[in-house]
Participant: 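I'd like to ask you about the structure that follows.
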Amino acid sequence: MSAIAQKKGFGSALWDWLTTVDHKKIAILYLASGGFFFVVGGIEAMLIRIQLAVPDNSFLSAGLYNEILTMHGTTMIFLAAMPILFGYMNAVVPLQIGARDVAFPFLNSLGFWLFFFGGIFLNLSWFMGGAPDAGWTSYASLSLYSPGHGIDFYALGLQISGAGTYIAGINFLVTIINMRAPGMTYMRMPLFTWTTFVASALILFAFPPLTIGLFFLIFDRMFGANFFDHTMGGNTIIWEHLFWIFGHPEVYILILPAFGIFSEIFAIFSRKRLFGYSAMVFATVLIGFLGFMVWAHHMFTVGLGPTANAIFAVATMAIAVPTGVKIFNWLLTIWGGSIKVTTPMLYALGFIPSFVAGGVTGVMQAAAPLDYQLHDSYFIVAHFHYVIVGGVVLAILAGLHLYWPLMFNTMLSEKLGKITFWFFFLGFHATFFIQHFLGLMGMPRRVYTFIEGQGWDLFNFISSMGAILMAIGVIVLVINIVMTTVKNVPVGNDPWKDGRTLEWAIPQPVPFYNFKRTPLVRGLDTFWIEKQEGNKEGMSYAEPLSDIHMPNNSFIPFVMSLGLFIAAFGALYNGEKAWAVPVLVIGLGITLASMATRSLKDDHGYHIHKEDLMDHKGGNY
Amino acid sequence: MAEEVKYTPQTWPEHPETANLEGKNKFLGFWLFLGGETVLFASLFATYLALKNKGPEGMEFTTQSLFELPLVFVMTMLLLTSSLTSVYAMYHMKNFNFRGVQTWMAITVLLGFGFLALEIYEFYHYVHIGFTYSQSAFSSSFFTLVGTHGLHVVIGLGWIILLMLRNAKRGLSIYTAQKYYTASLYWHFIDVVWVFIFTVVYLMGVMS
Amino acid sequence: MKVGFDLAMMKGLKKWRLFSMLAALVFFLAACGQEQISTLTPRGPVASEQFDLLILSTAIMTFVIIVVVVIYVLALMKFRRSKVGENTIPEQVEGNTKLEIVWTIVPIILLLILAVPTVWLTYKQAEVSGMEQVDEEGNKTALTVNVTAKLYWWEFEYPDLGIVTAQELVVPTGEKVYFNLKAADVKHSFWIPSIGGKLDTNVENVNKFYLEFDKESEGLKDGVFYGKCAELCGPSHALMDFKVKTLSPEDFDEWVAVAQEEVPAPSEESEDLGEQLFVSNSCIGCHATSGVAAANQRGPSLATFGDRNRIAGFLEHNEENLKGWIKNSQEYKEGNLMPVYPDLTDEELNALAAYLMGLSVENRE
């Protein structure tokens with residue numbers, strides 16, 4: 001195994017990243033590209049708040065503002081939040097359940113590259129005639145009316161990256177069902193694994209409706225179909241249904257893993273078992289299930305009739321119950337514990353009041369007649385930022401600090417981390433709390449400007465100032481990451497000292513095959529149990545040392561995704577440019593040919609032999 | 001490891017498709033994939049039902065005037081039979097009879113092509129009488145639903161043919177058995193979807 | 001393990017405290033926003049009912065927040081590692097079934113308290129059968145307005161009165177007014193915050209609802225209520241405003257009578273240069289000048305132009321803005337469908353503006 005230790009040149013290092021099927025490296029790829037898109041989406045957010053800082057501002061034109069607003073939402077949801085969470089899932093879940101890798105390492109890589117090329121394709125719209133401008137929801141009548149190619153970039157880009165997400169979802173489901181170490185029963189799975197599991201199930205069933213909706217949009221705009229053209233018998237409400245049948249579960253796809261991360265943090269930094277573990281698991285599953293029953297609460301003002309509105313109103317309120325169960329269980333986890341306020345814990349503590357505030361405004365909007373007032377006003381903008389930023393983004397930042405040592409064997413600066421937290425946290429509340437009132441005072445959302453003298457000037461200004469604080473927080477974070485990477489002080493395993501689950505037991509840096517011997521899980525928080533019993537190694541083993549089967553690296557996922565990326569340009573310019581159809585065919589050809597190659601070649605992987613394992617440092621035998 | 005072992009009918013496991021972890025993963029993963037596909041088709045069905053017979057004012061095409069059951073009935077029979085023949089192939093796989101697998105898979109493919117030919121004829125006919133993809137919301141939703149199924153048939157045929165070719169020399173192993181098994185699962189799924197299309201699109205279309 | 005603290009806290013929050021908090025809340029909210037545009041100053045029963053729901057839900061939710069925050073703060077004060085000791089290993093509690101039941105049942109009760117009025121109001125506010133009611137002579141008893149939303153303006157048709165106007169909705173106070181809502185191009189949403197919640201104008205179907213206007217708009221800041229488009233509809237979505245003039249029933253009848261009078265069509269032979277230009281530049285091809293012209297015009301009816309509060313829904317109503325708008329409307333409202341007229345001279349613009357400002361129902365001689 002000398003190849004592992006070998007110093008690599010840039011070329012071979014790059015090749016290694018392009019072909020890797022190792023879940024730990026794919027995690028880093030997800031984190032890095034998600035982080036990049038997070039910054040892009042953040043800059044878009046800043047432009048929005050600059051434009052709205054004062055009334056009648058002309059910093060951005062109306063059309064450009066709509067493009068930025070659309071790209072901000074789309075980027076943050078599809079290209080930042082989800083991929084970063086996938087990064088953590090990849091980094092943590094296999095280790096947490098005692099697996100050597102995910103179930104389908106090849107598909108894992110394919111999922112990443114599809115997301116990556118989809119995201120790049122979407123963002124290329126900025127340089128190729130204009131970005132999409134119909135909002136991240138891209139409602140059909142407007143998205144059909146929208147000139148240029150922006151919407152086409154949206155539909156095709158999301159289609160490609162959506163396929164990647166779908167694949168990743170199946171992969172995690174199978175991994176969690178089939179790859180758990182001996183003793184890791186379902187009711188011993190750490191909460192992050194549980195929430196990943198449920199979120200993946202949501203992906204499995206929520207993404208197909210989006211795929212179909214996007215295909216309709218693509219066919220309508222590029223291939224002459226009439227799904228949404230009412231003069232030809234089409235119906236735009238179909239888009240709204242399909243989008244929200246996807247869109248609402250999507251919210252839970254984001255927030256459930258966030259819940260998982262916070263569940264880990266509360267337990268670790270209170271030195272206490274998660275309170276009401278079974279109730280937490282049950283609540284997670286229930287939230288996932290109910291998530292599919294409530295999509296029409298995004299459509300209360302569409303005119304579906306009082307019966308539909310009443311049913312969906314009550315169903316939506318029901319979700320508050322399992323969510324409340326979670327909040328109280330977290331509170332009771334820290335109650336009676338030994339709370340250490342590290343940076344991850346600080347984020348978790350900030351999350352509780354923020355998310356509760358976002359949750360209760362959600363219940364308010366579930367009251368359909370009240371929602372007639374709140375819908376599409378700044379109140380809803382405030383609400384979903386409280387949930388997404390106050391829940392998901394705080395979890396992402398918390399997870400960044402928590403899992404950084406697991407992913408990179410070094411720790412982010414706690415001091416700078418806390419500075420980031422306070423800027424971000426205070427800025428966040430300053431930005432969004434006041435927006436509830438703007439909405440109640442009659443300000444619609446998605447407006448590129450507002451006229452002076454409607455009573456909205458001061459609050460909008462305060463909101464924009466808050467955004468600056470958030471930006472400062474993120475800048476400090478970037479500095480933190482750079483400094484930490486430059487210093488690169490190794491920390492070893494269990495850097496937080498109070499780790500409870502398997503991922504903290506594994507030696508650092510994590511060997512590429514993860515566990516030399518498959519661990520035996522002896523209960524919930526197995527690492528904690530071993531530590532309490534004085535086991536220095538922190539793990540019991542289920543098997544003697546033996547050969548390990550590993551998958552081969554592969555360049556095919558990259559090429560397969562590249563093919564779709566190329567084909568998308570063909571579809572985009574169909575009927576407009578002479579080269580469009582050939583490009584479409586060539587692109588699909590590349591993808592199909594690489595699929596065939598994959599199928600025709602026998603790829604059995606390779607084995608690491610027992611003798612090599614014994615020599616390998618950092619091992620546990 | 002599995003790929004190195006030479007099997008005999010005696011040592012061949014009862015469930016070759018799930019004999020090792022990779023097989024189990026593929027088995028489960030593919031079932032999950034089909035779960036997602038079900039939602040995909042459900043979305044298409046729902047859209048079709050919403051847009052059935054909807055078109056520009058004065059549109060002459062309706063499900064009653066358009067569909068002809070005899071042709072569709074023959075298509076249904078072809079596809080149902082092909083599902084059965086793929087079961088035979090799996091039966092021979094369990095008995096470690098590679099020639100049986102190849103033969104019955106080949107018959108499955110032939111029946112599939114028969115179905116496909118009739119579907120292409122059907123579509124050609126519709127386009128010929130003016131019921132094109134762009135004619136109305138009805139036509140768009142019809143062609144997209146039935147065409148997506150047709151695309152699945154094409155993919156399924158391509159997949160099985162590729163499998164038969166690549167394994168002609170290799171023969172049966174745990175590694176190849178998994179591939180046959182998932183392809184056959186996919187083929188059954190295609191068949192089940194067609195049963196729904198036959199019922200919801202054609203039967204209900206002609207009846208109502 | 002102390003588990004009784006949250007129950008004790010709930011008891012501690014005595015009723016009178018909740019009520020006084022509620023009163024303070026209402027006061028605080030009402031101080032927010034301006035009367036002509038805020039949902040917090042409801043000026044009709046629909047908005048009032050929705051406001052009551054806001055207060056009810058806010059009260060329930062404030063209670064929840066208080067409970068959470070109290071536990072949270074107490075936990076943070078009592079169980080910091082610096083307090084409990086660096087090496088303390090806390091008891092690894094599994095959970096508590098009684099507590100789980102409590103925090104499942106209590107929220108369900110709270111939600112039921114909210115769900116009942118929600119469902120009741122949902123049905124109540126969707127009740128539009130009054131729209132079809134007729135008196136003995138077969139005349140509709142209620143006023144109905146057909147609203148058509150178009151890229152960035154609003155058309156208001158009074159089908160039973162034969163009147164078509166645009167941009168400024170004129171309605172009587174104290175009675176239910178029914179609305180048929182529809183979009184002509186892309187989806188919009190019809191919203192008058194002080195009067196009631198919004199309802200989308202879809203492209204493929206007509207949505208119906210009612211609103212009731214309690215207060216005459218005369219005393220308001222601009223003499224009108226503000227209406228908004230609440231669904232992203234293109235670049236100038238933000239500027240797709242309309243205004244609502246509410247009149248006493250007597251004044252409204254008077255307004256209707258004048259608006260129903262035929263006005264002679266503008267003619268190129270007219271001595272008024274503005275009127276000539278209005279015809280010669282084909283303005284008349286899109287804009288009606290009579291209140292009884294046919295509905296579904298390409299451009300907004302200008303029959304009430306002189307009475308309006310704003311130009312194009314948002315610009316201050318003066319000749320300067322009007323001239324600028326005619327010359328280059330794209331500069332003001334990106335993506336609107338009116339052609340630009342850069343070649344009009346100042347004299348022509350003055351004449352045109354004067355003519356348009358003279359189109360009025362309220363001040364018609």
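Naming convention: chains lettered A, B, ... in sequence-line order (proteins, then strands); numbering from 1 in each chain. Source: prediction; values computed, not measured. We use all heavy atoms of the structure for the numbers below, so side chains are in, but hydrogens, waters and symmetry mates are not.
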Participant: Can you tell me which portion of Y139(A) sits under 4.5 Å from chain C's heavy atoms? Options are side chain, backbone, both or neither.
Facilitator: side chain

Participant: Sort E231(C) into side chain, backbone, both or neither according to what part of it lies under 4.5 angstrom from a heavy atom of chain A.
Facilitator: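 For E231(C), the contact with chain A is made by backbone and side chain together.
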
Participant: side-chain contact (heavy atoms from CB on, under 4.5 Å) with Y123(C): which residues, sequence neighbours excluded?
Facilitator: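 By the side-chain contact (heavy atoms from CB on, under 4.5 Å) rule, Y123(C) matches P306(A), T307(A), A310(A), V119(C).
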
Participant: Chain C heavy atoms under 4.5 Å from L144(A): which part of the residue, side chain, backbone, both or neither?
Facilitator: neither

Participant: Identify which part of L151(C) has an atom lying under 4.5 Å from any heavy atom of chain A, answering side chain, backbone, both or neither.
Facilitator: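 Only the side chain of L151(C) comes within 4.5 Å of chain A.
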
Participant: With only heavy atoms counted, which part of Y226(C) is less than 4.5 Å from chain A, the side chain, the backbone, both or neither?
Facilitator: side chain

Participant: Okay, side chain of Y277(A), backbone of G95(C): is any donor-acceptor separation there less than 3.5 Å?
Facilitator: no

Participant: Contact part of S61(A) toward chain C, heavy-atom cut-off under 4.5 Å: side chain, backbone, both or neither?
Facilitator: both

Participant: Could you tell me the separation between the OG atom of S189(C) and the NE2 atom of H375(A), rounded to the nearest 0.5 Å?
Facilitator: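 Going from OG on S189(C) over to NE2 on H375(A), the span is 6.5 Å.
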
Participant: So which part of A47(C) gets closer than 4.5 Å to some heavy atom of chain A, the side chain, the backbone, both or neither?
Facilitator: both

Participant: Quick one: SG on C233(C) to OH on Y145(A), what's the gap to the nearest 0.5 Å?
Facilitator: 10.0 Å

Participant: Checking heavy atoms, do the side chain of I327(A), its backbone, both or neither come under 4.5 Å from chain C?
Facilitator: side chain

Participant: Is it the backbone or the side chain of L274(A) that comes under 4.5 Å from a heavy atom of chain C, or both, or neither?
Facilitator: backbone

Participant: Looking at Q454(A) and G33(C), would you say the former's side chain and the latter's main chain have a donor-acceptor pair under 3.5 Å?
Facilitator: no

Participant: Can we say K187(C) and E240(A) salt-bridge, meaning some charged N sits less than 4.0 Å from an Asp/Glu carboxylate O?
Facilitator: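 A salt bridge links K187(C) with E240(A).
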
Participant: Give, for atom CG of L56(C) and atom CG of L370(A), the distance between the pair rounded to the nearest 0.5 Å.
Facilitator: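 Atom-to-atom, L56(C):CG and L370(A):CG are 9.5 Å apart.
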
Participant: Sort N235(A) into side chain, backbone, both or neither according to what part of it lies under 4.5 angstrom from a heavy atom of chain C.
Facilitator: both

Participant: Taking Q50(C) for the side chain and P369(A) for the main chain, is one N or O donor matched with an acceptor at less than 3.5 Å?
Facilitator: yes

Participant: Quick one: what part of A313(A) sits under 4.5 Å from any heavy atom of chain C, side chain, backbone, both or neither?
Facilitator: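 Contact with chain C is through the side chain of A313(A) alone.
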
Participant: Taking 4.0 angstrom as the limit, do K198(C) and D371(A) come out as a salt bridge?
Facilitator: no

Participant: Given a strict heavy-atom distance threshold of 4.5 Å, which part of A75(C) is in contact with chain A: side chain, backbone, both, or neither?
Facilitator: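 For A75(C), the contact with chain A is made by backbone and side chain together.
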
Participant: Among D200(C), L199(C), N205(C), exactly one meets side-chain contact (heavy atoms from CB on, under 4.5 Å) together with V302(A). Which residue is that?
Facilitator: D200(C)

Participant: Using modelled atom types and a 3.5 Å cut-off, is there a donor and acceptor pairing between side-chain atoms of Q373(A) and backbone atoms of T39(C)?
Facilitator: no

Participant: Heavy-atom pairs under 4.5 Å with chain A: which of V69(C), D185(C), V64(C), L239(C) has the most?
Facilitator: L239(C)

Participant: Can you tell which part of A140(A) gets under 4.5 Å to a heavy atom of chain C, answering side chain, backbone, both or neither?
Facilitator: neither

Participant: Count the heavy-atom pairs under 4.5 Å between each of L524(A), I352(A), I311(A) and chain C, then report the option with the highest count.
Facilitator: I352(A)

Participant: I need the N96(C) CG to F275(A) CZ distance, nearest 0.5 Å.
Facilitator: 5.0 Å

Participant: Pick whichever of N66(A), V341(A), V356(A) has the most heavy-atom pairs under 4.5 Å with chain C.
Facilitator: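 Heavy-atom pairs under 4.5 Å are most numerous for N66(A).
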
Participant: Given 3.5 Å as the limit, does a donor-acceptor pair link the side chain of S338(A) with the main chain of P90(C), or not?
Facilitator: no

Participant: In terms of heavy-atom contacts, does CD of Q532(A) have more than 12 from other residues, nucleotides or ligands at under 6.0 Å?
Facilitator: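 Buried by this count: over 12 neighbours within 6.0 Å.
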
Participant: For T88(C), which atoms come within 4.5 Å of any heavy atom of chain A: side chain, backbone, both, or neither?
Facilitator: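 Only the backbone of T88(C) comes within 4.5 Å of chain A.
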
Participant: Find the distance between CD (E204(C)) and NE2 (H230(A)) and round it off to the nearest 0.5 Å.
Facilitator: 7.0 Å

Participant: Check whether D222(C) gets within reach of chain A through its side chain, its backbone, both or neither, counting any heavy atom under 4.5 Å.
Facilitator: neither

Participant: Please report the C-alpha distance between R81(C) and D498(A) in whole Å, then the side-chain angles of each, then the deciding distance to 0.1 Å, and finally whether the salt bridge (Lys or Arg N to Asp or Glu O under 4.0 Å) criterion is met.
Facilitator: CA-CA 13 Å; R81(C) 193 160 297 176; D498(A) 292 316; 3.1 Å; yes

Participant: Tell me, with the steps shown, if L99(C) and N329(A) meet side chain to side chain contact (heavy atoms under 4.5 Å, CB included).
Facilitator: CA-CA 9 Å; L99(C) 276 178; N329(A) 277 307; over 6 Å; no

Participant: Among P107(C), S236(C), A230(C), which residue has the highest count of heavy-atom pairs closer than 4.5 Å to chain A?
Facilitator: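 The residue among P107(C), S236(C), A230(C) with the greatest pair count is A230(C).
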
Participant: I need the residue from V363(A), V314(A), N309(A) with the largest number of non-hydrogen atom pairs under 4.5 Å to chain C.
Facilitator: V363(A)

Participant: Which region of E334(C), side chain (C-beta onward) or backbone (N, CA, C, O), has a non-hydrogen atom less than 4.5 Å from a non-hydrogen atom of chain A, or is it both or neither?
Facilitator: side chain

Participant: Given that the side chain runs from C-beta out, which part of E67(A) has a heavy atom under 4.5 Å from chain C: side chain, backbone, both or neither?
Facilitator: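 Neither part; nothing is under 4.5 Å.
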
Participant: Between K124(C) and chain A, which part of the residue has a heavy atom less than 4.5 Å away: side chain, backbone, both or neither?
Facilitator: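 Contact with chain A: none, neither part.
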
Participant: Side chain, backbone, both or neither: which part of Q125(C) has an atom under 4.5 Å from a heavy atom of chain A?
Facilitator: side chain

Participant: At a 4.5 Å cut-off on heavy atoms, which part of F269(A) comes close to chain C: side chain, backbone, both, or neither?
Facilitator: backbone

Participant: With respect to chain A, which residue among L110(C), V84(C), T201(C), I37(C) yields the maximal number of heavy-atom pairs within a distance under 4.5 Å?
Facilitator: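 Top count of heavy-atom pairs under 4.5 Å with chain A: I37(C).
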
Participant: Could you have a look at L121(C), I192(C), N207(C), D241(C) and say which one has the most heavy-atom pairs with chain A under 4.5 angstrom?
Facilitator: N207(C)

Participant: Can you tell me which portion of I334(A) sits under 4.5 Å from chain C's heavy atoms? Options are side chain, backbone, both or neither.
Facilitator: both

Participant: Return the CH2 to CD distance between W456(A) and Q34(C), rounded to the nearest 0.5 Å.
Facilitator: 9.0 Å

